[in-house]
Amino acid sequence: MLHHVQLACPPGSEAALRDFYAGVLGFAELEKPPALAARGGCWFRGHGIELHLGVEPEFAPAKKAHPGLLVAGLDACAGRLRDAGYPVHFDDGFPGMRRFYSEDCHGNRLEFLEPIA
């Protein structure tokens with residue numbers, strides 16, 4: 001069973017992470033344990049997944065590797081991302097699913113999926 005997915009972020013980017021993951025996507029921020037909080041980054045939970053954003057001093061965004069987030073209301077999710085200035089690229093290559101790709105505030109690739117009714 002999967003507990004969480006971790007993505008990387010640059011040092012000092014917590015405000016941007018909160019704006020994106022909580023503000024745009026509606027994730028709830030989780031309080032990091034004190035021993036881990038000193039390392040920076042943020043943890044979030046929503047859409048049935050927990051995401052940990054961990055600081056990498058020489059950060060480079062994940063352009064291929066990505067979490068696949070199962071959401072209800074794919075079009076509304078795409079609209080929120082577009083309205084906030086993030087790219088939305090629909091792809092019909094996954095049978096039984098509607099999906100699109102976007103990226104977070106630091107360029108990490110994200111996939112959003114919804115089963116076709």
Side-chain angles (χ1 to χ4, degrees):
M1 178 173 282
L2 183 66
H3 180 270
H4 69 274
V5 171
Q6 179 154 326
L7 297 172
C9 64
S13 65
E14 290 81 5
L17 295 169
R18 289 180 182 105
D19 287 346
F20 180 78
Y21 285 99
V24 176
L25 295 182
F27 281 78
E29 185 172 0
L30 302 174
E31 187 173 336
K32 289 180 70 174
L36 299 176
R39 299 178 187 177
C42 298
W43 291 3
F44 298 94
R45 184 179 293 140
H47 306 290
I49 192 167
E50 192 168 302
L51 291 173
H52 295 182
L53 284 292
V55 171
E56 281 189 8
E58 297 189 29
F59 169 76
K63 294 297 188 181
K64 183 69 175 173
H66 61 274
L69 305 172
L70 193 60
V71 298
L74 190 70
D75 293 315
C77 183
R80 283 193 308 277
L81 284 159
R82 279 192 190 113
D83 290 348
Y86 293 94
V88 172
H89 304 285
F90 276 89
D91 177 328
D92 62 359
F94 195 141
M97 293 282 189
R98 290 186 64 227
R99 72 174 175 176
F100 69 84
Y101 292 95
S102 189
E103 58 188 43
D104 74 5
C105 52
H106 299 303
N108 289 309
R109 187 178 196 195
L110 302 172
E111 179 181 15
F112 297 86
L113 306 105
E114 182 175 50
I116 295 172

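Other members of the cluster containing I116 do not exist, because no ILVMFWY side chain is joined to it at under 4.5 Å.
To the nearest 0.5 Å, atoms CG (D104) and OH (Y86) are separated by 7.5 Å. Here the CG atom belonging to L51 is positioned 8.0 Å from the CG atom belonging to L110, to the nearest 0.5 angstrom. In this structure, F100 CZ and H89 NE2 are separated by 10.5 Å, a value rounded to the nearest 0.5 Å. Here the CD atom belonging to E103 is positioned 4.5 Å from the NZ atom belonging to K63, to the nearest 0.5 angstrom. One finds the OH atom of Y21 at 11.0 Å from the NE2 atom of H47 (value rounded to the nearest 0.5 Å). Between atom CG of residue L81 and atom CZ of residue F112 there is a gap of 5.0 Å, rounded to the nearest 0.5 Å.
Applying the side chain to side chain contact (heavy atoms under 4.5 Å, CB included) criterion to L36, with sequence neighbours excluded, gives K32, P33, R39, W43. Under the side chain to side chain contact (heavy atoms under 4.5 Å, CB included) criterion, A16 pairs with C105, H106, sequence neighbours left out. Partners of K64 by side chain to side chain contact (heavy atoms under 4.5 Å, CB included), not counting sequence neighbours, listed by chain and number: R109. Among residues two or more places apart in sequence or in another chain, the side chain to side chain contact (heavy atoms under 4.5 Å, CB included) test is passed with D19 by none.
Using a 4.5 Å heavy-atom cutoff, the side chains of V55 and E14 are in contact. Counting heavy atoms from C-beta outward, R98 and D75 have side chains that approach closer than 4.5 Å.
Screening residues 76-95 for salt bridge (charged side-chain N to carboxylate O under 4.0 Å, His left out) gives D91-R99 as the qualifying pairs, with residues at least two apart or on separate chains.
Across A84 and V24, no two heavy atoms sit closer than the pair CB-CG2, 3.8 Å. E111 and F94 make their closest contact through OE2-CD1, 4.3 Å (heavy atoms, listed as atom of the first residue, atom of the second, distance). Looking at every heavy atom in both residues, L70 comes nearest to P115 through CD1-CD, 3.8 Å. In terms of heavy-atom proximity, L53 sits nearest to A8 at CD1-O, 4.2 Å. Residues N108 and P61 approach most closely at OD1-CA, 3.4 Å, considering heavy atoms. Counting all heavy atoms, side chain and backbone alike, P67 lies closest to L7 at CD-CD2, 4.0 Å.
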**Asked** Which is it for L17 and F27 under the side chain to side chain contact (heavy atoms under 4.5 Å, CB included) test, yes or no, and what are the steps along the way?
**Response** CA-CA 11 Å; L17 295 169; F27 281 78; over 6 Å; no

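Linking ILVMFWY residues whenever their side-chain heavy atoms come closer than 4.5 Å, directly or via other members, leaves Y101 and F20 in distinct clusters. A single hydrophobic cluster is seen to contain both L74 and V88, as judged by linkage of ILVMFWY side chains at heavy-atom distances under 4.5 Å, directly or through other members.
Classified by interplanar angle (parallel below 30°, tilted 30° to 60°, perpendicular above 60°), the ring pair H52/H4 is parallel.
Between the side chain of E56 and the main chain of C9, no donor-acceptor pair closer than 3.5 Å is present.
The number of heavy atoms from other shown groups lying within 6.0 Å of CZ (F90) is above 12.
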